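Below is one structure; the comments refer to it alone.
Throughout, protein chains are lettered first and strands after them, A, B, ... in sequence-line order, and every chain is numbered starting at 1. These figures come from a predicted structure and were not determined experimentally.
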Amino acid sequence: MNLFAYFHDAVLRALGQMSEAGELAAGLDYSRIATEAPRDSSHGDVSTNAAMVLAKTAGQQPRKLAEALAARLGQHTDVDKADVAGPGFINLVLKKGFWPRVLEAIISEADSYGDSKIGAGIKSNVEYVSANPTGPLHVGHCRGAVFGDALASLLTKTGYDVTREYYINDAGAQVDVVGRSAYLRYREALGENIGEIPAGLYPGDYLKPVGEALARDHGAALLSKSENEWLPIAKAKAVAMMLDMIREDLASLNIRQEIFFSEKSLHDSGAVAETVERLRGQGHVYQGRLPPPKGEIPEDWEDREQTLFRTTAFGDDVDRPLIKSDGSYTYFASDVAYSASKIDRGFNELVYVLGADHAGYVKRLQAVGAANAGNRKVEVIARLCQLVRLFRNGEPVKMSKRAGDFVTLREVVDEVGPDVVRFMMLYRKNEAPLDFDFAKVTEQSKDNPVFYVQYAHARICSVLRKGAADDRKPDFSLLTDEGELAVVKRLAAYPRLLESAALAHEPHRVSFYLADLAGDFHALWNKGKESPHLRFIVESDSETTISRLAFLRAIRYVLASGLRILGVTPVEEM
RNA sequence: GACCCCGUAGCUCAGCUGGACUAGAGCAAGUGCCUUCUAAGCACUAGGUCGCAGGUUCGAAUCCUGCCGGGGUCGCCA
């Protein structure tokens, strides 16, 4: 059950009755009406702005309209009191009997509490990480990886039909470099002293197993071949093995994309050429010249006629080249074909999770999506994740740009564990930079939100273990303490929270919600220290004990549900 | 030069597709609370002209314009 959706319907029904009764003009736009929790709980439980939103078009004074509407809402079986306040807010105070029903609903819905249909089965493609298959993932990939994965879970929970996808950049110059680097390691594996790795090749040890594998598969056969012959072999092997390593890195964070989409396959199948020609036919692609880039002009800039995508027609700043001077397609060209593939596969929502350094790419992606979509409705949503700055006891962790000297994702996960990495990466909104201090995130204190939330869950489990099993039905009307009601109200807001987080594509809201809920719970716990009758287990009162234990189960469902969306383990003991 | 993100309490940050008289947390500062279901915690106090200036609105931290400050991006690189 969704508290706010429930009363939103009630508001709309009341308005309908009013227009039938001739008290309100028919055919008004109800879309801006909001039904939500008032900021200050002393105003009531549910609040609506309906009267203020409708006043102008209805030709009525907001307060008068509000009073008429409040009168009708006051009749609702669950409403104790409907007041008009301020410029025309209607505040509803719910009957005491309503809150027990919320808890009953949570317990009967259990894990499915908070499920929503707001996604309306929209086919959403969430593409994230998509790092070049040239080495292990580094710490910079963590955030996008976790963000994308949690967003996908959030969208699934709220009724979207989600596919998690990884785009493999296995077609460009970077993978040629990996191929050559692997070939060098192959020669090394055959006993040659290769000395220092030359500049321009990847020096990392992680390519040694690729060289060894090539040696196993081919013996010395590749040594006598020309680069034209051995490069594709070395490249394919290196990409495959790097990708396996990346999959393992992701798995260490419990991330598993369903689709790994190869850029190379778009070239091999002719999809890039087809897409470019189709768009040319539609007038989106033309031969022309570009103005020189602003700012610092690259040394090798040359003015020439080239094949361009008219992205400016869709809001981009300049048109973008599709074909390089050597006749091969640009990276952007394969991206155009990739976008077309997603749309052909039936997605109506394309979510790109990118690093902030790709901000300049967003308009282009949107332009391409719009052009490929034609008259189909396809939304392109880009979410940018800002940098993560690593600290160790307050000191920044130095990472030189020299290749090979970076902190890998795996190192971070191995040191602090996947739960900590995932929660911390989501405990900041994605556009804000994030500081990650190894010492702080593993601290066992309330300053550490991961611990704080997991501790709440573990505490509940601890009490539930102590509570004796009893089949009697809980009576939630026994829960009358202010602290208890605060928790119930927070639980009631969960479905709505998920919906708004999903619509905004902002999973961090779930983390903050959980920290708040955990705070409410810890406060309640502590009340039991001062007032023994408020403890969850009250020896002398089995009725209350049964009801409170059931209440704890409801809290536990919500904590666990939220943690699952974030991909963090709801631990039972700590 | 253009575009993107950020600017909210001493510090780190929330603020839900604009909403109400008192803009919220946490840390840091101050004061209390352990014979008790885990004090790995809780309660209370203090602290802010929401970068600045205009505009839209019944109503702006939230939307629009300009400016200031911090970060980022610009390529036939992926």
Test item: A/Ser47 side-chain N/O and A/Thr35 main-chain N/O as donor-acceptor pair under 3.5 Å: no
Residue-phosphate contact under 4.0 Å: A/Arg428 side-chain N/O, B/C13 OP1/OP2: yes
Between A/Tyr361 and A/Gln366: side-chain donor-acceptor atoms closer than 3.5 Å: no
Distance test, side-chain N/O of A/Arg383 to OP1/OP2 of B/C5, below 4.0 Å: no
Side-chain-base donor-acceptor pair under 3.5 Å for A/Ser500 and B/C16: no
Nucleotide nearest A/Met52 (side chain, heavy atoms from C-beta), chosen from B/C58, B/C42, B/U38: B/C58
Sugar-phosphate only, base, or nothing, as touched by A/His358 at under 4.0 Å among non-hydrogen atoms: base
Watson-Crick or G-U wobble mate for B/G54, both contacts under 3.5 Å: B/C64
Proximal nucleotide (of B/C42, B/C6, B/C37) relative to the A/Glu431 side chain: B/C6
A/Asp357 CG to B/C5 P, straight-line distance once rounded to whole Å: 15 Å
A/Phe89 over B/A20, stacked by centroid distance under 5.5 Å, angle under 30°: yes
Distance test, side-chain N/O of A/Ser462 to OP1/OP2 of B/C37, below 4.0 Å: no
5'-most by nearest nucleotide on RNA chain B - A/Asp317 or A/Lys429: A/Asp317
Ring geometry between A/Phe536 and A/Phe521 (parallel below 30°, tilted from 30 to 60°, perpendicular above 60°): parallel
Donor-acceptor pair present, A/Asn91 side chain and B/A20 base, under 3.5 Å: yes
Separation of atom NZ in A/Lys264 from atom P in B/A78, rounded to whole Å: 16 Å
Touch class at under 4.0 angstrom, heavy-atom based, for A/Ala85 against every strand present: base
Output field: ring centroids A/Phe438/A/Phe436 closer than 6.0 Å: yes
Touch class at under 4.0 angstrom, heavy-atom based, for A/Ile537 against every strand present: base
RNA chain B: 5'-proximal contact among A/His522 and A/Thr330 (nearest heavy atom): A/His522
Steps toward side-chain hydrogen bond (donor to acceptor under 3.5 Å, both in side chains) verdict (A/His505, A/Glu349): CA-CA 12 Å; A/His505 293 74; A/Glu349 178 178 279; 3.2 Å; yes
